[in-house]
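For reference, the structure is listed below as structure tokens.
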There are 2 protein chains.
Amino acid sequence: MFEARLTQGKIFKQLIEALKDLVQDANIDCSEDELSIQAMDSSHVSLVQVNLQAGGFDHFRCDRTISLGFNSTNMSKILKCAGNDDVITLKAEDTADALTLMFESPGQDRIADFELKLMDIDAEPLGIPDTEYQCTIRMPSGEFQRIIRDLQVLGDTCVISCTKEGVRFSVSGDLGTGNVLLRNNAAEKEEDQVIIEMEEPVELTFALRYLNFFTKATSLGGSVILSMSPEVPVVVEYPIEEFGHIKYYLAPKIDDDA
Amino acid sequence: MFEARLTQGKIFKQLIEALKDLVQDANIDCSEDELSIQAMDSSHVSLVQVNLQAGGFDHFRCDRTISLGFNSTNMSKILKCAGNDDVITLKAEDTADALTLMFESPGQDRIADFELKLMDIDAEPLGIPDTEYQCTIRMPSGEFQRIIRDLQVLGDTCVISCTKEGVRFSVSGDLGTGNVLLRNNAAEKEEDQVIIEMEEPVELTFALRYLNFFTKATSLGGSVILSMSPEVPVVVEYPIEEFGHIKYYLAPKIDDDA
DNA sequence: GTTGAGTTGC
DNA sequence: GCAACTCAAC
């Protein structure tokens, strides 16, 4: 059987919220080492990938690898029934067609359990090579969210160009154009830092619509890490301290103009 | 060329917010002395007029008078991309069809620049005689906002009557009637003062809808000044300390009942 | 069109 | 810290 107990149930709530707008159905894959979720969005443009290390749970048991296919809207509905301070426990028998979610209030004076019906989902083979990237930008996640939200006012496509000095987000549309430049900035507070590691400058173009979906993960942590290389998908990673991460992949638009 | 730098960018944000509900399109007119905006509201009932002295900017350069026609909704959208603590710089070439807005974060580690496409607007000839008024009331701007908001509950028309003793705002509607009387009051704090200067008592009737639009300027300053004479438009002025003002003009309703 | 969440100002 | 407002999701 599978059983995972998470004192900070809020993290699991936030993770599901951070992918439900993007993917309809997905598998929770559990091994004895970790819980992971991988899925492409409905239009097969982007990919989301969640990893939670077994050690980050307060209790974790997984007798055999198991795939639990869920509908993210329904999962979200059930998780709305959990308080942000609740302890959340996930349970499934090896052969079960349902996932049990248990919500315990901090004082244990309220215990709720829900069963979410599961579904069989064709697990798409998702080979994600763990490559080196030419540019890596760590910045405050709130800042990234703000920039994406702002630029959306002006258009639906955004150019991200990274040099040693900083990273520039540009948009152009009917009302006009916009640019936001963040300088490499080793602020005192780690959460305010903008840290760029770069071998070669990189400039890529993306659909703001998807970048905006990604920022639903903002509340999971203070930092976001963008990794870019020419002609390959950008990785937008929200690390979850001592526990894992949620990563989004989005292929750049190809400039036919060039 | 034209270039104006404003450390307190918030003021410009607030000004645009204070007129965008009232006017769709307007010109920013710049001379070497000042930046001004004048426009009638869409239904040609009221008029708004902004003046900012060149000396109030941290840098101001205007080689030749220039009119920059903008759509206030679009301007507002772009200004939403500026933080309240940002330094805002406006720039335009003499022949430009776009206005450049630059937003610098306090620490300068974030620099954003936007271009707003401009439009040609027929500048309506707006002769505003600088007359003496029979009554002038200076009161806390928050108090004025509160009164207008409260009275709107009861009706859509408001009578303002000013005597030496005080100013009375009256409304009458289906639910009942309401009156708010403010006494002449030389409070210690200047911002709490209600100061009435009067030659003859004046009583005028106005549409609350427009007075309410005017109160969008409340955050620009602690005081508002109402100037009234019989049968001419009231002036609702929000002074901006050491810098300029935003003034609204609204014609009184004529009592056919009388 | 309705509702909810986030953000921002008081 | 609270409330209003605005934007986005359903």
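Reminder, nothing fancy here: chain letters follow the sequence lines and each chain counts from 1. Just so we're clear, the structure is a prediction, and the values are computed from it rather than from any experiment.
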Tabulate below the donor-acceptor pairs under 3.5 Å that side-chain atoms of residues 70-80 of chain A make, not counting sequence neighbours, or state none.
{"unit_1": "A:N71", "atom_1": "OD1", "unit_2": "A:T73", "atom_2": "N", "d": "2.9"}
{"unit_1": "A:N71", "atom_1": "OD1", "unit_2": "A:N74", "atom_2": "N", "d": "2.9"}
{"unit_1": "A:N71", "atom_1": "ND2", "unit_2": "A:D25", "atom_2": "OD1", "d": "3.3"}
{"unit_1": "A:S72", "atom_1": "OG", "unit_2": "A:V23", "atom_2": "O", "d": "2.6"}
{"unit_1": "A:S72", "atom_1": "OG", "unit_2": "A:Q24", "atom_2": "O", "d": "3.0"}
{"unit_1": "A:S76", "atom_1": "OG", "unit_2": "A:E17", "atom_2": "OE2", "d": "2.8"}

C:dT7 phosphate, OP1 or OP2, under 4.0 Å from A:Q145 side-chain N/O: yes
Output a table of donor-acceptor pairs, distance under 3.5 Å, between side-chain atoms of residues 143-158 of chain B and any protein atom two or more places apart or on a different chain; print 'none' if there are none.
{"unit_1": "B:R146", "atom_1": "NE", "unit_2": "B:D150", "atom_2": "OD1", "d": "3.4"}
{"unit_1": "B:R146", "atom_1": "NE", "unit_2": "B:D150", "atom_2": "OD2", "d": "3.1"}
{"unit_1": "B:T157", "atom_1": "OG1", "unit_2": "B:K253", "atom_2": "NZ", "d": "3.1"}

Do NZ/NE/NH1/NH2 and the carboxylate oxygens of A:R5 and A:E104 come within less than 4.0 Å? yes
B:Y248 ring center near B:F213 ring center (under 6.0 Å): no
Any donor-acceptor pair under 3.5 Å linking the side-chain atoms of A:S170 with those of A:N179? yes
Answer with base, sugar-phosphate or nothing: what part of the nucleic acid does B:S219 contact at a heavy-atom distance below 4.0 Å? sugar-phosphate
A:R138: what forms a salt bridge (Lys or Arg N to Asp or Glu O under 4.0 Å) with it, not counting sequence neighbours? none
Out of curiosity, B:H59 NE2 to B:T7 OG1, how far, rounded to the nearest 0.5 Å? 12.0 Å
What pairs with A:R168 under salt bridge (Lys or Arg N to Asp or Glu O under 4.0 Å), at least two apart in sequence or on another chain? none
Could you go through nucleotides 2-9 of chain D and list every protein N or O atom that sits under 3.5 Å from one of its N or O atoms, giving the distance for each pair?
{"unit_1": "D:dA9", "atom_1": "OP1", "unit_2": "A:K216", "atom_2": "NZ", "d": "2.8"}

C:dC10 C1' sits how many Å from B:R146 CZ, rounded? 14 Å
Polar atoms only, N or O, under 3.5 Å: list the protein pairs with nucleotides 1-3 of chain C and their distances.
none

